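Owing to the predicted nature of the structure, the values given are computational and were not obtained by experimental measurement. The sequence lines fix the lettering, A, B, ..., with proteins before strands; numbering per chain opens at 1.
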Amino acid sequence: MSYKRHLVTSALPYINGVKHLGNLVGSMLPADVYARFLRQKGEEVIYICATDDHGTPAEIAAHKAGLSVKEFCDQSHETQKEIYEGFALKFDHFGRTSSQQNAALTQHFCAKLKEEGFIEEKSDQQLYSIDDERYLPDRYVEGTCPHCGFEGARGDECEGCGKQMEPTELLNPRSSISGSTNIEVRETRHLYIKLSELDGRVRDWLDTRHDFSSLARAIGYKWLDEGLHDRCITRDLKWGVSVDQPGYEGKVFYVWFDAPIGYIGATQEWAEKTGGDWESFWKKPEEVYYTQFMAKDNVSFHTINFPATQLGSGETWKTVDNIKAFNWLTYYGGKFSTSRNHGIFTDKALELLPADYWRYYLMARAPESDDSSFTWADMQGVINKDLADVLGNYVNRLLKFTAKKFDGKVPEAGTWSAAEDKFLTETSALLADYNKHLANCEFRKAMSALRALWVAGNQYLAEQEPWSVFKEDEARAATILRTAFNFLSVIARLSEVVIPFTTEKLQALIHEQDKQGTWVTDMEAELKREAEDRTFEAPSDVLIQKIEDEQIAEFEGTFGSEAA
RNA sequence: GGGGGUGUAGCUCAGUUGGUUAGAGCAGAGCACUCAUAAUGCUUUGGUCGGGGGUUCAAGUCCCUCCGCCCCUACCA
């Protein structure tokens, strides 16, 4: 594992609307924790994300809001960006797929694919709404199902009988945008990517993805084994990356084609902003380790479609080395639903509780092996026990007692004993676990190891009883408290990847703001640090406020406490 | 319908290539301590590992089958 640099991306949140906690836990938050870990370890790493700006839903939402699509996306992008800042997501760049850079790249990929012979032109029949002055994507056509007579059937699928269909089959079709029935069938030309001929390249590539989870690999091979179908990569829309070919005026690339390219586009935005070298991440495959984070529904796009685009270009591009996929976070076992307003949205979450509470809870309960269920009581339990009781109380008891007995200074004198050796051995082992789990993107296990470190501090104090020892042997008490204090410095740094705001508070208390963003490599050196005239402040208020029963009752009243 | 995933103590989850009495945290019970946010530490009660069948000296761990949930995907008359 000696890569010069690391590239981290998380699935691009769609521009339309505020995302819910399920979106956060399945992509951006774990990516942030992982990127922070690598950064703190001193690795060269960039974490890139962006909003996925294109597509019909954005157009329609803009229309409803009385804004141009551009204005709407500008606003929505800023809204989302602010929320993510609230969660301390430390993107190196949070870009947009509607950037100039992405447009140029998307057109570039298409041109290269064409040169390599992987682009084909086909004619197709699509429904055109004369009153809306636009072609209607399948799911924006409603009508009567030709199979069962259900009147609210959509152009892609009938909710009445579950059958799939072509929108041209619908009886009495109408636009679900305007309700207009003034609809006609028009002939339209589109570009297709010939995945059917790219399967060899994709398969050979997949064979080399040794770090993929068995899940990601299985999904990839399944698609390949069934045979890839050519896919249309253009649409008759105004909003999107224009297709720069004769005869394609008024057409744009389909979102699934330009969205993943947005990872590269956003890296270019980053490069322009910072003076960084985007090519060192995307054009030097052997030097870079690339990790993608996403939810399980997104895996096939990242194992097949996007790699096919990259490989089919005939150029050298960095492809993904590890895909970390998540299951769903559910709300009391039911689905989070944007349309039905079920569950908790990210903007609201930040109003209710501090970002660190969400970050820790969501990582401790990350849906890694199966869907996991959010409940308010569970969150209260985790936060109050782990953050407030175990971590918060360690800080409080240690700093208050030391301040009282040693006048706000880190105690001097005293000698290292067997008790400290034992403490060192135990905490070193826990740190090794923590490192390993973070490096492997096993977030539940990582949080468990972190918590064990917090517990270790309390155990040490409980066993050594500095409050009793102090009465007979002040020097011994000094050693215990200094060791515990040094350990607090360690804990603060190791916790930063998940609870950065709390770490900031802690480091302010112990006057170690300069340690922000650093990691712990040598536990022995840390624990044996001398007093060095260090000072600190006793906390005036508790570090972690508990979540009260009344709050839980209120939240359950507001958001509901059962599955949808 | 096909493929993949998942079902382990009341709850949330670990369980390496099958091998001693199935583990952790929370919740419950008991004890210790009093520095601390009635906090902490220690001890401890809970499981026929979704059901059934099979292979094996030995299966939560492999095979078959059935049931529940999740994701992807495909549909015939």
J.: Quote, to the nearest angstrom, the P distance that separates A29(B) from C13(B).
T.: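 These two P atoms come out 25 Å apart once rounded.
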J.: For N396(A) and V390(A), find the nucleotide of RNA chain B closest to each by heavy atoms; which residue's nucleotide sits nearer the 5' end?
T.: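 Its nucleotide being nearer the 5' end, the pick is N396(A).
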J.: Taking atom P in both C75(B) and A59(B), compute the distance separating them and give it to the nearest angstrom.
T.: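 Rounded to whole Å, the distance is 45 Å.
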J.: Nearest of U37(B), U12(B), G2(B) to any side-chain atom of R365(A)?
T.: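 Closest of the options to the side chain of R365(A): U12(B).
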J.: Using OP1 and OP2 only, check whether a side-chain N or O of N393(A) sits under 4.0 Å from U40(B).
T.: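 Answer is no, no contact under 4.0 Å.
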J.: When you measure from the side chain of R397(A), which nucleotide among G41(B), A39(B), A36(B) comes out closest?
T.: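 Nearest nucleotide to the side chain: A36(B).
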J.: May I ask which nucleotide in the shown strands pairs with A59(B), Watson-Crick or G-U wobble, both distances under 3.5 Å?
T.: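 Base-paired to nothing in any strand shown.
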J.: Identify whether any heavy atom of S372(A) sits under 4.0 Å from a base atom; if not, whether one sits that close to sugar-phosphate; answer base, sugar-phosphate or nothing.
T.: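 The residue S372(A) makes sugar-phosphate contact but no base contact.
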J.: Just N and O in the side chain of Q545(A): are any of them under 4.0 Å from OP1 or OP2 of U37(B)?
T.: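 Answer is no, no contact under 4.0 Å.
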J.: Given the P atoms of U34(B) and A22(B), what is the spacing between them in whole Å?
T.: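 Approximately 38 Å lies between the P atom of U34(B) and that of A22(B).
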J.: Can you check the N298(A) CG to G4(B) C1' distance for me, whole Å?
T.: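 Answer to the nearest Å: 16 Å.
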J.: I'd like to know if K194(A) and D230(A) make a salt bridge, using a cut-off of under 4.0 Å between side-chain N and carboxylate O.
T.: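 No salt bridge links K194(A) with D230(A).
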J.: Looking at D533(A) and K409(A), is there a salt bridge between them, counting it only when a charged N and a carboxylate O are closer than 4.0 Å?
T.: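 So K409(A) does not pair with D533(A) through a salt bridge.
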J.: Touch check for L399(A), heavy atoms < 4.0 angstrom, all strands: base, sugar-phosphate only, or nothing?
T.: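 Nothing: the residue L399(A), judged by heavy atoms under 4.0 Å, touches no strand.
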J.: Indicate syn or anti for G46(B), taking the glycosidic torsion and treating anything within 90° of 0 as syn.
T.: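 Syn for G46(B); the angle stays within 90° of 0.
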J.: In whole Å, what is the span from the CG atom of N458(A) to the P atom of C35(B)?
T.: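 It works out to 15 Å between those atoms.
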J.: In whole angstroms, how far is the P atom of U40(B) from the CG atom of D389(A)?
T.: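 Going from D389(A) (CG) to U40(B) (P), I get 4 Å.
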J.: Please determine whether a side-chain nitrogen or oxygen atom of S369(A) lies at a distance below 4.0 Å from atom OP1 or OP2 of A14(B).
T.: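 Checking A14(B) against S369(A), a side-chain N or O does come within under 4.0 Å of OP1 or OP2.
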J.: For the base of C35(B) and the side-chain ring of W467(A), does the geometry meet a stacking cutoff of under 5.5 Å between centres and under 30° between planes?
T.: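 According to the criterion (under 5.5 Å, under 30°), yes, W467(A) stacks.
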J.: Within the pair K445(A) and G15(B), is there a side-chain N or O less than 4.0 Å away from OP1 or OP2?
T.: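 It does, given that an N or O in the side chain of K445(A) lies less than 4.0 Å from OP1 or OP2 of G15(B).
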J.: Any chance you could lay out the salt bridge (charged side-chain N to carboxylate O under 4.0 Å, His left out) test for E526(A) and R493(A), step after step, and finish with the verdict?
T.: CA-CA 12 Å; E526(A) 294 290 346; R493(A) 275 173 276 166; 2.8 Å; yes
J.: Under 6.0 Å between ring centres, would you say that holds for W328(A) and F336(A)?
T.: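 W328(A) vs F336(A): aromatic centres not under 6.0 Å.
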J.: Measuring to OP1 and OP2 of C26(B), would you say a side-chain N or O of R451(A) lies under 4.0 angstrom away?
T.: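 Answer yes for this pair, as a side-chain N or O of R451(A) is under 4.0 Å from OP1 or OP2.
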J.: In whole angstrom, give me the gap between the C1' atoms of U56(B) and G50(B).
T.: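 Looking at atom C1' only, U56(B) and G50(B) are 24 Å apart.
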J.: Below 4.0 angstrom, N of the basic side chain to O of the carboxylate: do K296(A) and D371(A) qualify?
T.: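 Answer for the salt bridge query: yes.
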J.: Rounding to an integer number of Å, can you tell me how far E368(A) CD sits from U12(B) P?
T.: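 Distance, rounded to whole Å: 16 Å.
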J.: Please state how far atom CG in D386(A) lies from atom C1' in A39(B), giving the value in whole angstrom units.
T.: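 Nearest whole value for this atom pair: 14 Å.
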J.: Between F326(A) and K324(A), is there a cation-pi geometry (under 6.0 Å to ring centre, at most 45° from the normal)?
T.: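 Checked: cation-pi criterion met.
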J.: Scan every strand shown for a Watson-Crick or G-U wobble partner of G68(B), both distances under 3.5 Å, and answer none if you come up empty.
T.: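 Check on G68(B): paired to U6(B), both distances under 3.5 Å.
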J.: Can you figure out which of C71(B), U73(B), A36(B) approaches the side chain of K400(A) most closely?
T.: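 Selected nucleotide (nearest to the side chain): A36(B).
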J.: If we take the P atom in both C26(B) and A39(B), what is their distance in whole Å?
T.: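 So the two P atoms sit 13 Å from each other.
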J.: Any base atoms under 4.0 Å from V455(A), or only sugar-phosphate, or nothing? Heavy atoms, all strands.
T.: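 Sugar-phosphate, backbone atoms only, no base.
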J.: NA contact type, D370(A), heavy-atom cut-off 4.0 Å: base, sugar-phosphate, or nothing?
T.: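 Result for D370(A) = sugar-phosphate.
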J.: Between P on C70(B) and CH2 on W328(A), what's the gap in Å once rounded to a whole number?
T.: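 In whole Å, C70(B) P lies 12 Å from W328(A) CH2.
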J.: Starting from P on C26(B), measure out to CZ on R444(A) and report it in whole angstrom.
T.: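 So the CZ-P distance, R444(A) to C26(B), works out to 15 Å.
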J.: Tell me whether the OP1 or OP2 atom of G4(B) has a side-chain N or O from K296(A) closer than 4.0 Å.
T.: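 False: K296(A) side-chain N/O out of range (4.0 Å or more) of G4(B) OP1/OP2.
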J.: Taking a pair as Watson-Crick or G-U wobble with both distances under 3.5 Å, which nucleotide is matched to G28(B)?
T.: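 With both distances under 3.5 Å, G28(B) matches U44(B).
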J.: Need the pair for U21(B). Rule: Watson-Crick or G-U wobble, both distances under 3.5 Å, any strand; none if unpaired.
T.: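 Check on U21(B): unpaired, no WC or wobble geometry under 3.5 Å.
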J.: Between E512(A) and R529(A), does at least one N-O distance fall below 4.0 Å, as a salt bridge requires?
T.: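 Salt bridge between E512(A) and R529(A), a charged N being under 4.0 Å from a carboxylate O: yes.
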J.: Work out how far the P atom of U44(B) is from that of G25(B), and round it to whole angstrom.
T.: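 Roughly 11 Å separates the two P atoms.
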J.: At under 4.0 Å between heavy atoms, what does L398(A) touch on the DNA or RNA strands: base, sugar-phosphate, or nothing?
T.: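 No contact.
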J.: Which comes earlier along RNA chain B counting from the 5' end, the contact point of S468(A) or that of G381(A), where each point is its nearest nucleotide?
T.: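 So the residue in question is G381(A).
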J.: Suppose you measure atom C1' in A9(B) against the same atom in A24(B); what distance do you get, rounded to whole Å?
T.: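 Rounded to whole Å, the distance is 11 Å.
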J.: Run the salt-bridge test on E420(A) and R476(A) with the 4.0 Å N-O cut-off and return the result as yes or no.
T.: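 A salt bridge is present here (some side-chain N lies under 4.0 Å from a carboxylate O).
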J.: Using only side-chain N and O atoms of K404(A), determine if any of them is under 4.0 Å from OP1 or OP2 of A36(B).
T.: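 So the side-chain polar atoms of K404(A) do come within 4.0 Å of the phosphate oxygens OP1 or OP2 of A36(B), strictly under.
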J.: Any idea which of C70(B), C26(B), C35(B) is nearest the K385(A) side chain?
T.: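 Nucleotide nearest to K385(A)'s side chain: C26(B).
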J.: Take atom P in G60(B) and the same atom in A38(B), then report the distance between them in whole Å.
T.: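 After rounding to an integer number of Å, I get 45 Å for this pair.
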J.: Thinking salt bridges, do D225(A) and R203(A) make one under a 4.0 Å N-O criterion?
T.: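 Yes, this pair counts.
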J.: Could you give the CD1-to-P distance, from I219(A) to C71(B), as a whole number of Å?
T.: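 Interatomic distance, CD1 of I219(A) to P of C71(B): 13 Å.
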J.: Pairing check on A14(B): which nucleotide meets the Watson-Crick or G-U wobble criteria with it, both distances under 3.5 Å?
T.: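 Base-paired to nothing in any strand shown.
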